[in-house]
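One structure is given here, and the rest of the page talks about it.
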Number of protein chains: 2
Amino acid sequence: MRNHAIILPMSTDLIQRLRAAGYKITPPRLAVIEVIQREGEHLNPQEILEQAQALHAQTGRATVYRTLELLTQLGIVRPIYVGDNGPTYIRADGAHHHLVCSRCGRIVEFDACAADSMGCELESRFGFHITSHLLEFYGICPQCQTSDASQSQ
Amino acid sequence: MRNHAIILPMSTDLIQRLRAAGYKITPPRLAVIEVIQREGEHLNPQEILEQAQALHAQTGRATVYRTLELLTQLGIVRPIYVGDNGPTYIRADGAHHHLVCSRCGRIVEFDACAADSMGCELESRFGFHITSHLLEFYGICPQCQTSDASQSQ
DNA sequence: ATCACAAATGAGAATAATTCTCATTAAAGC
DNA sequence: GCTTTAATGAGAATTATTCTCATTTGTGAT
């Protein structure tokens with residue numbers, strides 16, 4: 001039974017990176033990568049499993065965890081924890097900017113970010129090759145400011 | 001049996017905040033707060049439990065979770081996820097700046113931060129009352145840059 | 001100080017999330 | 001096509017977290 005039947009219009013460069021690092025190109029890995037490439041942001045392991053299974057039915061849960069770990073190692077994806085939910089995965093390039101309410105968990109995303117310019121300085125200062133960043137501000141949202149102090153969501 | 005026996009040189013203002021929000025001041029809560037005040041950063045729930053039990057022996061695990069949730073709601077502490085470990089708790093004031101290696105998980109902390117100035121702008125733009133922030137850059141550390149691509153830790 | 005009441009607690013059960021184990025499969029290079 | 005070895009899926013095992021419920025204990029009123 002051939003599984004190559006799935007025609008994935010995958011970004012070939014990611015496959016190259018996997019292969020270059022000595023990893024095999026397998027249907028479950030392709031499925032997970034495809035899911036993240038396509039749907040992208042903030043999927044949790046369960047959701048990634050489900051969507052990967054839509055592409056490659058016999059994909060197992062353990063393999064999804066293993067693949068996410070591998071892709072994280074390779075700097076392709078990254079777990080992110082926002083609010084009180086478990087991890088969700090995002091592409092490890094690009095930036096994420098959140099405004100998080102400590103009281104109700106409400107999250108606002110914003111764009112403009114002074115951090116971009118900091119990247120260069122840090123690169124030379126610490127020798128890191130920086131690929132992305134996360135900037136989160138915490139505080140109390142307008143709604144929670146006006147309502148009673150001892151409430152939730 | 002009186003449990004008030006524990007003399008805690010606690011910052012009274014936190015007690016005030018708890019009381020003001022209608023919560024009772026109990027030995028386990030005092031113990032957890034004391035642990036975080038004193039030791040402060042990056043303790044996980046297990047460690048917080050152990051240290052709280054050193055202050056108030058009969059403190060239960062569930063209560064630690066409940067107290068951490070409460071303190072998070074009140075904006076006193078905040079869970080933080082760094083590397084592949086579970087949550088650890090930090091005081092919700094002040095800022096945290098990390099440089100995280102995607103490959104080996106190495107973490108470098110840095111100080112200077114352009115984000116402070118952004119806070120004001122965001123406050124007026126979104127109406128949040130901002131109390132702290134987290135800025136994390138992700139990339140590859142010097143050590144991992146020089147070593148082979150397919151390695152870990 | 002005592003009382004009444006609701007909130008908070010501890011113990012352990014229940015659940016959910018993640019990791020491990022191991023026999024089987026299949027990708028990659030020859 | 002054949003060999004080697006990494007990768008896989010299934011489910012067991014483990015770990016972390018939440019829930020349940022009977023009991024205790026702060027708190028404000030008396």
Side-chain angles (χ1 to χ4, degrees), chain A residues 1-6 8 10 15-16 18-33 43-50 52-53 55-74 79-81 83-89 150-153, chain B residues 1-6 8 10 15-16 18-33 43-50 52-53 55-74 79-81 83-89 150-153:
Chain A
M1 183 197 279
R2 325 279 317 301
N3 282 116
H4 308 71
I6 316 165
L8 294 176
M10 272 283 311
I15 296 184
Q16 295 315 326
L18 270 189
R19 208 189 296 276
Y23 296 104
K24 294 179 179 174
I25 309 304
T26 66
R29 282 176 178 167
L30 286 175
V32 170
I33 291 174
L43 295 175
N44 63 36
Q46 171 66 33
E47 292 163 338
I48 293 170
L49 171 65
E50 287 164 9
Q53 286 178 334
L55 295 174
H56 179 68
Q58 54 276 56
T59 305
R61 184 182 305 275
T63 297
V64 168
Y65 278 101
R66 286 186 284 233
T67 302
L68 288 172
E69 186 184 353
L70 171 63
L71 295 178
T72 300
Q73 282 279 321
L74 293 175
I80 192 172
Y81 299 79
D84 53 359
N85 312 115
T88 60
Y89 284 79
S150 56
Q151 69 153 41
S152 172
Q153 266 320 347
Chain B
M1 181 201 278
R2 326 279 320 298
N3 282 117
H4 308 71
I6 314 167
L8 294 176
M10 271 284 310
I15 296 185
Q16 295 316 326
L18 268 189
R19 207 187 297 274
Y23 296 103
K24 294 180 178 173
I25 309 304
T26 66
R29 282 178 177 166
L30 287 175
V32 169
I33 292 174
L43 296 176
N44 63 36
Q46 171 66 31
E47 292 163 338
I48 292 169
L49 170 65
E50 287 164 8
Q53 286 179 333
L55 295 174
H56 178 68
Q58 53 277 57
T59 304
R61 185 182 303 276
T63 297
V64 168
Y65 278 100
R66 286 186 284 233
T67 302
L68 289 172
E69 186 184 354
L70 172 62
L71 296 178
T72 299
Q73 281 280 321
L74 293 176
I80 192 172
Y81 298 80
D84 54 358
N85 313 115
T88 61
Y89 284 79
S150 56
Q151 69 152 39
S152 171
Q153 272 311 359

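A, B, ... follow the sequence lines: proteins, then strands. Residue 1 opens every chain. The basis for the numbers below is simple: all heavy atoms, side chains too, and nothing from hydrogens, waters or symmetry mates.
- With the nearest nucleotide of DNA chain C identified for both B:K24 and B:T63, B:K24 has the one nearer the 5' end.
- Considering all non-hydrogen atoms of both residues, A:V64 and A:P45 come closest at CG1-O, 4.0 Å.
- Backbone-only contact: A:R19 has heavy atoms under 4.0 Å from sugar-phosphate atoms and none from a base.
- As a whole-Å value, the separation of A:H56 NE2 from D:dG9 C1' is 10 Å.
- For C:dT18, the OP1/OP2 oxygens have a side-chain nitrogen or oxygen of A:Y65 closer than 4.0 Å.
- For A:P28, counting side-chain heavy atoms from C-beta on, the closest listed nucleotide (D:dT8, D:dT5, C:dG10) is D:dT8.
- Look at CD on B:E69: it is 16 Å from P on C:dA7, rounded to the nearest Å.
- A:I80 CD1 to A:N85 CG: the interatomic distance, rounded to the nearest 0.5 Å, is 11.5 Å.
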Inset, instruction - I would like to know whether A:I33 and A:L18 meet side-chain contact (heavy atoms from CB on, under 4.5 Å); could you show each step before the answer? - result: CA-CA 11 Å; A:I33 291 174; A:L18 270 189; 3.8 Å; yes
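- For B:R66 and B:P87, each mapped to the nucleotide of DNA chain D holding its nearest heavy atom, the one lying further toward the 5' end belongs to B:P87.
- Per the geometry, CD1 belonging to B:I25 stands 15 Å off P belonging to C:dA7, to the nearest Å.
- Side-chain contact of B:Q73 with B:E69: a donor-acceptor pair under 3.5 Å is absent, judged by distance alone.
- Proximity of A:N44 to A:T88: side-chain heavy atoms (C-beta onward) are separated by under 4.5 Å at one or more points.
- Atom CD of B:E47 and atom P of D:dT15 are 16 Å apart (whole Å).
- In terms of phosphate contacts, A:R29 brings a side-chain nitrogen or oxygen within less than 4.0 Å of OP1 or OP2 of D:dA7.
- Separating the CD atom of B:Q46 from the C1' atom of D:dT14 is a distance of 14 Å, rounded to the nearest angstrom.
- The nucleotide whose nearest atom lies closest to any side-chain atom of A:Q58 is, among D:dG9, C:dA28, D:dT27, D:dG9.
- Residue B:R61 contributes atom CZ, which lies 15 Å from atom C1' of D:dC19 at whole-angstrom precision.
- At whole-Å resolution of the value, OH in A:Y89 and P in C:dT18 are 7 Å apart.
- At whole-Å resolution of the value, CD1 in B:I48 and P in D:dT17 are 11 Å apart.
- DNA chain D is contacted by both B:A62 and B:T26; B:A62 maps to the nucleotide lying nearer its 5′ end (nearest heavy atom per residue).
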